[in-house]
Amino acid sequence: MLGLWDKDESFKKSLDSRPETEPYTFYDGPPFATGLPHYGHLLAGTIKDIVPRYWTMKGKRVPRGFGWDCHGLPIESLVQNELGLAGVAEIQKLGVDKFNETCRGKVLKYTNEWKKTVRRMGRWVDFDKGYKTMDKNFMESVWWVFKQCFDKGLIYQGYRIQPYSPALATPLSNFETNQGYKDRQDPSLTLIFPLVFRYTTSTRTISTISRCLTTKSPDSSRMTT
């Protein structure tokens, strides 16, 4: 079946036979190319293939270029391990420009495996006209969209509890947190000190004497206060 589609150029014909005046825009969240596809990708990829096929059968022209997510911790962690860099300080010592260039060179490590898997799924996508999130025109388009939202008053500042990595000096997404999450028992020591109050006749002045004992886990770089 795959050979027949290739010989017949079925995907290309499905686009060319629909008018450009009847487009249907389909935004596909791109995967990371730093790892091999797994069941979650196969399931989501099947759904992402069904929607464009449906609208194609409804007469819409649905171009769909495959994308690659090149940002985030997956590629940074991979390069850090390969270069033996323990944290941000060592990255800065090496040079952020050199570190970024190394990341760019390795971020598309498994693209060929992805292409083979996506094709075996029978999914119709255009790899030749795809995009990478590290492309300047893509990044500039994201900033353009953000600017449009800002001008319309749709951007606001809020607060939330966010996972944070002291070693990487950056907030983490839920996905990134789950990648290395595990329960562990860190030895710690907690001391309780009494509060000392001092009152004056004119105003009530409270002087609090407290101490803070900082301990460092022997198997962790995390400081506990």
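Note that the numbering runs from 1 along the sequence shown for the chain.
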Please check: side-chain N/O of Asp135 versus main-chain N/O of Lys132, any donor-acceptor pairing under 3.5 Å?
yes
In terms of hydrophobic clusters joined by side-chain contacts under 4.5 Å, are Trp55 and Phe11 together?
no
Ionic contact status for Glu22 with Arg61, cut-off 4.0 Å:
no
Does any non-hydrogen side-chain atom of Phe99 lie less than 4.5 Å from one of Gln80?
yes
Glu90 with Lys93: basic N within carboxylate O range, under 4.0 Å:
no
Check: Asp8/Ser10 side-chain N/O donor and acceptor closer than 3.5 Å
yes
Are there over 12 heavy-atom neighbours, none belonging to Glu20, within less than 6.0 Å of that residue's CD?
no
Same hydrophobic cluster for Ile91 and Met134, using side-chain heavy-atom links shorter than 4.5 Å among ILVMFWY?
yes
Show your working on side-chain contact (heavy atoms from CB on, under 4.5 Å) between Phe66 and Trp114 and close with a plain yes or no.
CA-CA 11 Å; Phe66 199 81; Trp114 270 90; 4.2 Å; yes
Give a yes or no on this: more than 12 heavy atoms of other residues, nucleotides or ligands lie within 6.0 Å of atom OH of Tyr164.
yes
Between Lys48 (side chain) and Gly29 (backbone), is there a donor-acceptor pair under 3.5 Å?
yes
Decide whether a cation-pi geometry holds between Arg64 and Trp124; the criteria are a distance under 6.0 Å from NZ or CZ to the six-membered ring centre and an angle within 45° of the ring axis.
no
Examine distances only and state if a side-chain atom of Asp126 and a backbone atom of Asp128 form a donor-acceptor pair shorter than 3.5 Å.
yes
Output the distance between atom CD1 (Ile75) and atom CG (Asp69), rounded to the nearest 0.5 Å.
11.0 Å
Student check: side-chain heavy atoms of Val62 and Arg18 closer than 4.5 Å:
no
Heavy atoms, side chains only, cut-off 4.5 Å: are Tyr54 and Thr56 in contact?
no
Taking Tyr24 as the starting point, is it possible to reach Leu15 by hopping between hydrophobic residues whose side chains are less than 4.5 Å apart?
no
Side chain proximity check, Thr46 to Arg123, heavy atoms < 4.5 angstrom:
no
I'd like to know if the side chain of Asp49 reaches the main chain of Val51, judged simply by a donor and an acceptor atom lying under 3.5 Å from each other, with no hydrogens or angles considered.
no
Do Arg120 and Trp5 meet the cation-pi criteria used here (NZ or CZ under 6.0 Å from the six-membered ring centre, within 45° of the axis)?
no
Taking the side chain as every heavy atom from C-beta outward, state whether Pro30 and Tyr131 have any pair of such atoms under 4.5 Å apart.
yes
Go through it in stages, so that I can follow the logic: the residues are Trp143 and Val145, the test is side-chain contact (heavy atoms from CB on, under 4.5 Å), and I'd like the CA-CA distance, side-chain angles, deciding distance and then a yes or no.
CA-CA 5 Å; Trp143 280 111; Val145 171; over 6 Å; no
So does Phe150 have more than 12 non-hydrogen atoms from other groups sitting under 6.0 Å from CZ?
no
Please lay out, stage by stage, how Asn100 and Lys98 fare under the test side-chain contact (heavy atoms from CB on, under 4.5 Å).
CA-CA 5 Å; Asn100 286 344; Lys98 295 180 180 178; over 6 Å; no
Within one Ile-Leu-Val-Met-Phe-Trp-Tyr cluster: Met139 and Phe146, side-chain cutoff 4.5 Å:
no
For Gly67 and Pro31 the tightest heavy-atom approach is O-CD, 3.4 Å
Begin from the C-alpha positions of Trp68 and Thr111 and carry the test side-chain contact (heavy atoms from CB on, under 4.5 Å) through to its verdict.
CA-CA 9 Å; Trp68 305 102; Thr111 52; 4.0 Å; yes
Salt-bridged, Asp6 to Lys12, with N to O below 4.0 Å?
no
Quick check against the 3.5 Å criterion: does Thr34 have a side-chain atom that pairs as donor or acceptor with the backbone of Val107?
no
